[in-house]
Amino acid sequence: MITLRKHVFLCYTLQVVWCVLVVAEEWTVTIPNQISGLMGSCVLIPCSFTHPSAYIPTNVAWYQYSKLPDTAPRPQLSVSEVQREGGNITVSCAVLHTCPSSPPSLSFGDQRGVVQGYHTEEIQGRWRVLSTISFVARAEDHEKVVACNVTHPGGQTAAGEVVLDVSYAPRSVSVSGGSTVVQVGTNLSLSCVSDANPPASSYLWYLRRDGLVMPLNHSTETAAVTDLHPDENVFHCTAINPLGRSNSSSSFVVTAEYKPSILANSSCFYHAGQVICRCQARARPRAKVLWMVDGGPLFPSSDPTTFPQNHTVMDIWAAEGTYENVSVTCLVNNTHGYDKLLLSVFVKAPPTNVSISQLPARPLEGEKVTLSCLGHGHLPISSYRWYRVFEEQSVLLREDSGSLSLSVTRDVGQFRCSALNEMGECSSDTMAVNVEYAPAILPLSFCSGNDGQVRCECVVDSHPVAKIIWTPWSIQDNQTHNITDLLNWRILRSILIGPKVDDMGDVLCNSTNEHGSAFLKLPFIAGETSAQRSLFYGGVGGALLLVLSFASFLFWRFYSTKRRDCRVTLEEVELKGALQVIHHDPTDCPGSPEARVHWI
């Protein structure tokens with residue numbers, strides 16, 4: 001391509017006439033200062049002039065003074081400001097030329113779309129060719145190059161291009177991470193990958209486990225997962241930008257492997273001299289089963305059964321001619337660790353450790369309490385019996401139920417219960433129901449004086465034990481007083497001893513606990529002799545001795561009754577496995593022989 005610069009002037013004749021004649025009217029000639037054209041194309045040069053009215057030009061001459069090279073200019077391209085997926089995009093391509101009879105041609109190559117062309121006249125011998133192409137934007141058009149090619153009549157060519165910037169919502173969303181097989185407890189870092197313009201600015205994470213979809217507390221492109229559950233953990237993510245959101249098209253499955261765990265249904269059965277043990281464990285990857293009998297060496301299983309749907313392995317060991325006390329250990333291991341269980345064979349036994357519990361533990365007088373009969377047995381306890389204890393007798397209150405409800409008073413009495421199964425019956429110790437109440441000062445309280453001293457006794461019935469405060473009237477503060485407190489069950493006996501004065505008046509006994517208080521003015525009884533005190537204390541001592549003797553008799557009677565209540569039989573039966581062998585203590589249920597007990 002060559003650019004020709006042409007300077008053309010009016011013909012020599014006009015110039016001579018313009019120079020020679022000096023008249024009132026003048027000649028003027030107007031042409032472009034410069035004009036560019038392409039080699040092989042044409043140039044249309046405009047020329048206009050004025051002249052005096054008396055002179056009419058008859059000839060015009062053109063002159064070319066010089067020509068200069070330079071090349072075909074690149075076309076000017078522009079594109080729509082808004083470029084969004086699904087919207088229209090228009091690319092414009094324009095070029096100037098000097099030959100209106102043979103304008104240059106424009107093309108957009110293989111770009112799809114609707115093309116329109118425009119040809120307009122500019123100023124000073126120039127024309128403008130404009131071509132546009134319009135098409136619906138797709139996400140695939142992002143960063144695509146649209147080229148415009150210009151071909152001039154003389155063969156010169158030029159080209160220009162524009163790069164599209166198409167915005168679109170996230171697509172091609174997927175979850176990526178490290179290994180898809182990890183051990184339980186491993187920390188895992190996941191990424192939500194997406195294609196979006198502008199890039200995704202926020203994210204949602206989900207975990208599907210056992211058919212349930214749970215949102216995760218993560219909103220960034222990466223998510224740190226620390227609580228992988230055994231077996232499969234399925235992850236999804238959603239990527240979001242201002243134009244929309246999109247979910248991951250496929251799930252990211254992480255398999256969490258774990259060491260074996262022996263299931264609770266693993267057990268041993270003993271019948272007719274044969275032991276059959278079953279060991280079932282869950283593990284991933286598949287576990288191996290080993291056996292140990294009576295502390296001997298480990299030996300592998302024959303051919304354990306595998307259940308792939310729940311990753312469980314099960315094996316059975318059997319032996320002939322063994323005894324009921326055989327001990328079998330099942331050990332299951334894989335690459336992540338092991339688990340073991342001691343399986344033992346037992347015989348059945350009557351209930352043991354029978355006791356009574358009380359709720360509430362601290363009821364007030366008049367409230368309701370519930371007594372529960374507790375115990376252990378194999379076979380399990382099938383029924384209960386409740387008794388109320390009156391000195392030498394036990395009265396049956398009810399059967400079958402393991403609980404007893406009653407309204408309590410301070411003299412509600414004592415109770416015991418029995419637990420029964422098909423092997424026998426065993427009773428609890430006698431229990432006095434715990435009842436709490438405010439203090440009450442008993443009529444036994446008094447004051448007396450002799451030998452220059454005053455002795456006052458305040459006897460209080462309360463639960464919990466009351467605190468007693470003495471207020472002696474007419475006794476000087478500087479006198480010394482001795483106070484002694486004696487407690488017998490719920491009866492508190494407080495003794496005040498002090499010097500006697502002539503104007504001795506009444507003495508105040510004030511008792512209090514958390515439920516209330518009581519006070520009593522103790523009148524002064526004069527003239528008590530030593531013989532009287534000896535007689536009083538002798539009577540009290542005799543009464544206490546009688547009470548102790550009676551209590552000993554009741555204890556012996558209860559113990560004998562309890563021995564009769566614990567009836568025991570043994571038999572050989574089919575049994576479940578357990579973790580350990582526990583020997584029955586004969587003192588738990590007096591009168592029963594020693595037996596092996598199965599705890600579940």
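Here the side chains of Pro363 and Gln358 are in contact, with some heavy-atom distance below 4.5 Å. Between Asn488 and Arg493 there is no side-chain heavy-atom pair separated by less than 4.5 Å. Cys279 has its side chain out of reach of Leu341: every pair of non-hydrogen atoms, C-beta onward, lies at least 4.5 Å apart. Side-chain contact check for Asn510 versus Thr471: every heavy-atom pair is 4.5 Å or farther apart. Contact of the Leu406 side chain with the Leu371 side chain is registered, since non-hydrogen atoms from C-beta on lie closer than 4.5 Å. By the 4.5 Å heavy-atom criterion applied to side chains, Glu436 and Pro464 are counted as neighbours. With contacts defined as side-chain heavy-atom distances shorter than 4.5 Å, the pair Arg362/Asn434 qualifies. By the 4.5 Å heavy-atom criterion applied to side chains, Phe519 and Thr512 are not counted as neighbours.
The two residues Ser382 and Asn421 come nearest to each other via the heavy atoms OG-CA, 3.6 Å. Between Val435 and His463, the closest heavy-atom pair is O-CD2, 2.9 Å. Between Pro285 and Asn334, the shortest heavy-atom distance links the atoms O-ND2, 3.1 Å. Counting all heavy atoms, side chain and backbone alike, Ile381 lies closest to Ser383 at CG2-O, 3.5 Å. Closest of all the heavy-atom pairs between Cys373 and Val354 is SG-CG1, 3.9 Å. Closest approach of Pro260 to Ala287, counting heavy atoms only: CG-CB, 4.0 Å.
Between the side chain of Ser511 and the backbone N or O of Ile468, no donor-acceptor pair lies under 3.5 Å. A donor-acceptor pair is defined here as one N or O able to donate and one able to accept, closer than 3.5 Å; no such pair exists between the side chain of Arg416 and the backbone of Ile356. No donor-acceptor pair closer than 3.5 Å links the side chain of Gln393 to the backbone N or O of Phe390. Checking side-chain atoms of Thr306 against main-chain N and O of Pro308 turns up no donor-acceptor pair under 3.5 Å. For the pair Asn333 (side chain) and Lys259 (backbone), a donor-acceptor distance under 3.5 Å is absent. Between the Asn513 side chain and the His515 main chain, a donor and an acceptor come within less than 3.5 Å of each other. Distance alone, capped at 3.5 Å, places no donor-acceptor pair between the Asn353 side chain and the His376 backbone.
Judged by distance alone, the side chains of Asn233 and Arg209 do bring a donor and an acceptor atom under 3.5 Å apart. A donor atom on one side chain and an acceptor atom on the other are not found under 3.5 Å apart for Arg208 and Ser251. A side-chain N or O of Glu425 and one of Ser418 form a donor-acceptor pair less than 3.5 Å apart.
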Audit row: Trp205, Asn217, side chain to side chain contact (heavy atoms under 4.5 Å, CB included) steps and yes/no: CA-CA 7 Å; Trp205 286 91; Asn217 189 24; over 6 Å; no
- request: Check the pair Asp231 / Arg282 against side chain to side chain contact (heavy atoms under 4.5 Å, CB included), numbers first and verdict last.
  value: CA-CA 11 Å; Asp231 298 321; Arg282 188 165 177 257; 2.4 Å; yes
message: side chain to side chain contact (heavy atoms under 4.5 Å, CB included), that's the test. Do His236 and Val213 meet it? Break it down for me.
response: CA-CA 10 Å; His236 294 269; Val213 178; over 6 Å; no
- prompt: Ile491 and Leu442: side chain to side chain contact (heavy atoms under 4.5 Å, CB included), yes or no, with the steps?
  reply: CA-CA 9 Å; Ile491 306 299; Leu442 302 183; 4.2 Å; yes
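Atom CG of Leu190 sits about 13.5 Å away from atom OH of Tyr203, to the nearest 0.5 Å.
By the salt bridge (charged side-chain N to carboxylate O under 4.0 Å, His left out) test, Arg388 is found to be paired with no residue, residues two or more places apart in sequence or in another chain being considered. Applying the side chain to side chain donor-acceptor pair (under 3.5 Å) rule to Asp227 yields no partners; only residues at least two apart in sequence or on another chain are considered. Every salt bridge (charged side-chain N to carboxylate O under 4.0 Å, His left out) that Glu399 has, sequence neighbours left out, goes to Arg385. Residues that satisfy the salt bridge (charged side-chain N to carboxylate O under 4.0 Å, His left out) test with Glu365, not counting sequence neighbours, are Arg410. Among residues two or more places apart in sequence or in another chain, the salt bridge (charged side-chain N to carboxylate O under 4.0 Å, His left out) test is passed with Glu257 by none.
A salt bridge (charged side-chain N to carboxylate O under 4.0 Å, His left out) check over residues 295-307, counting only residues at least two apart or in different chains, returns nothing.
Checking Ser494, Ser445, Cys509 one by one against Val459, the side chain to side chain contact (heavy atoms under 4.5 Å, CB included) holds for a single residue, Ser445.
For a disulfide, the SG atoms of both cysteines must be under 2.5 angstrom apart; this fails for Cys330 and Cys277. Remark: SG of Cys447 is found under 2.5 Å from SG of Cys456.
No more than 12 heavy atoms of other residues, nucleotides or ligands lie within 6.0 Å of OH in Tyr338, so this atom counts as exposed by the packing criterion. The environment of CG in Asp210 is sparse: at most 12 heavy-atom neighbours from other residues, nucleotides or ligands sit within 6.0 Å.
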